[in-house]
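Atoms within each ligand, like the ligands themselves, are counted from 1 in listed order.
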Amino acid sequence: MVENQEKNIVNKVVIVTGGSRGIGAEIVKQMARLGYTVILNYNNSENCAKNVENELKNEGITVDIFKADVSKKEEAVNLIQFALNKYEKIDVLVNNAGISQTKLFTEITDEDWQRMMDNNLNSAFYCTREAVKNMVHNKQGLIINISSIWGITGGSLEVHYSTAKAGLIGFTKALAKELGPSNIRVNAIAPGIIDTDMNKEYSKKEKEDIKEEIPLGKIGTSKNIAKCVAWLIEDDYTTGEVISINGGWHM
Ligand code: NAP
């Protein structure tokens, strides 16, 4: 075991894919502040990843940052191997990396479809398959898949996104059954609308209209999702669940 692991044997190792911006960045910050050993994965946004790293460094907290396009099997495997080489274990994998696209169904190209599956669904498969080998060996672990409200209800003009996010829900439930006996929990979080770059194309008026449909009357924040991740890490009896955090937009 490396030095900081020897100092704190209860320290959990948490990997967050897509940790450079939005929900993933907030999960990284909150888990690091809670004292977990966090590996921030990014792909294109190196500056954003470094900003998160520096923000935490100013608080006296160190995180690892690792570039990998997790939609590609080899790079996803590299990410998991980086964690194992450095810490010899993975306790929590948060499959958060994802992309969205709004398009009429008939205009979705083969490339759009494949890109959506690769980034939102296959990425989780590649990372999880590699990480789970170590978790099974250790007889403990937690996988958290960031799905979406559209994976439950379906979203108009987002058939490919909804399909990938629904796939993550099936993946979560099946894997929870298979890995429960190895003391590995698998859960999904299905956010409603969260204030991140992913929704920057909505106009002010569109956001106001959406808020009116939400019983709690507001758009969610990345902190709402990070708090749920923290709770799932602390818990030891929730598995196969899809926790929908959406202000009551869908019940
Ligand atoms: P965001 O602000 O657009 O951030 C997306 C993050 O994913 C970035 O850090 C990006 O990294 C990373 N990413 C995308 N493809 C990647 C890849 N192939 N490899 C590594 N990293 C990759 O989006 P967000 O709102 O935080 O979304 C995070 C997750 O929540 C996604 O899975 C999204 O589908 C889900 N979600 C979001 C909402 C919402 O309303 N915001 C609602 C439901 C579900 P780089 O920039 O470094 O490439």
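At least one heavy atom of Gly192 lies less than 4.0 angstrom from ligand 1. Within the structure, ligand 1 has Tyr161 among the residues with a heavy atom less than 4.0 angstrom away. Between Thr17 and ligand 1 there is no heavy-atom distance shorter than 4.0 Å. Ala190 does not count as a contact of ligand 1, since none of its heavy atoms falls under 4.0 Å from the ligand.
At a 3.5 angstrom cut-off on N or O pairs, Gly24 does not count as close to ligand 1. Taking distance alone, with nitrogen or oxygen atoms compared against 3.5 Å, Ile99 stays at or beyond that limit from ligand 1. At under 3.5 Å, a nitrogen or oxygen of Val70, whether backbone or side chain, sits near a nitrogen or oxygen of ligand 1. The shortest N or O to N or O distance between Ile193 and ligand 1 is not under 3.5 Å.
Contacts between Ala68 and ligand 1, counted as non-hydrogen atom pairs separated by less than 4.0 Å, involve the backbone only. Contact annotation for Lys165 and ligand 1: only side-chain heavy atoms (C-beta onward) come within less than 4.0 Å of the ligand. The part of Asn41 lying near ligand 1 is the side chain, judged by heavy-atom distances below 4.0 Å. Counting heavy atoms closer than 4.0 Å to ligand 1, residue Asp195 contributes nothing at all. Proximity of Asn119 to ligand 1, defined as any heavy-atom pair under 4.0 Å, is confined to the side chain (atoms from C-beta onward). When non-hydrogen atoms are compared, ligand 1 lies under 4.0 Å from neither the backbone nor the side chain of Ser100.
Of the candidates Thr128, Asn120, Thr172, Thr17, Asn95 forms a side chain to side chain donor-acceptor pair (under 3.5 Å) with just one, namely Thr128.
If you take CD1 on Ile90 and CD on Gln81, they are separated by 8.0 Å, rounding to the nearest 0.5 Å.
A heavy-atom distance below 4.5 Å is found between the side chains of Ile152 and Val242.
Those atoms of ligand 1 that come under 4.0 Å of a heavy atom in Asn43, given as number and element, are 19 (N), 20 (C), 21 (N), 45 (P), 47 (O), 48 (O).
Enclosure of atom NZ in Lys103 by more than 12 non-hydrogen atoms of other residues, nucleotides or ligands within 6.0 angstrom is indicated.
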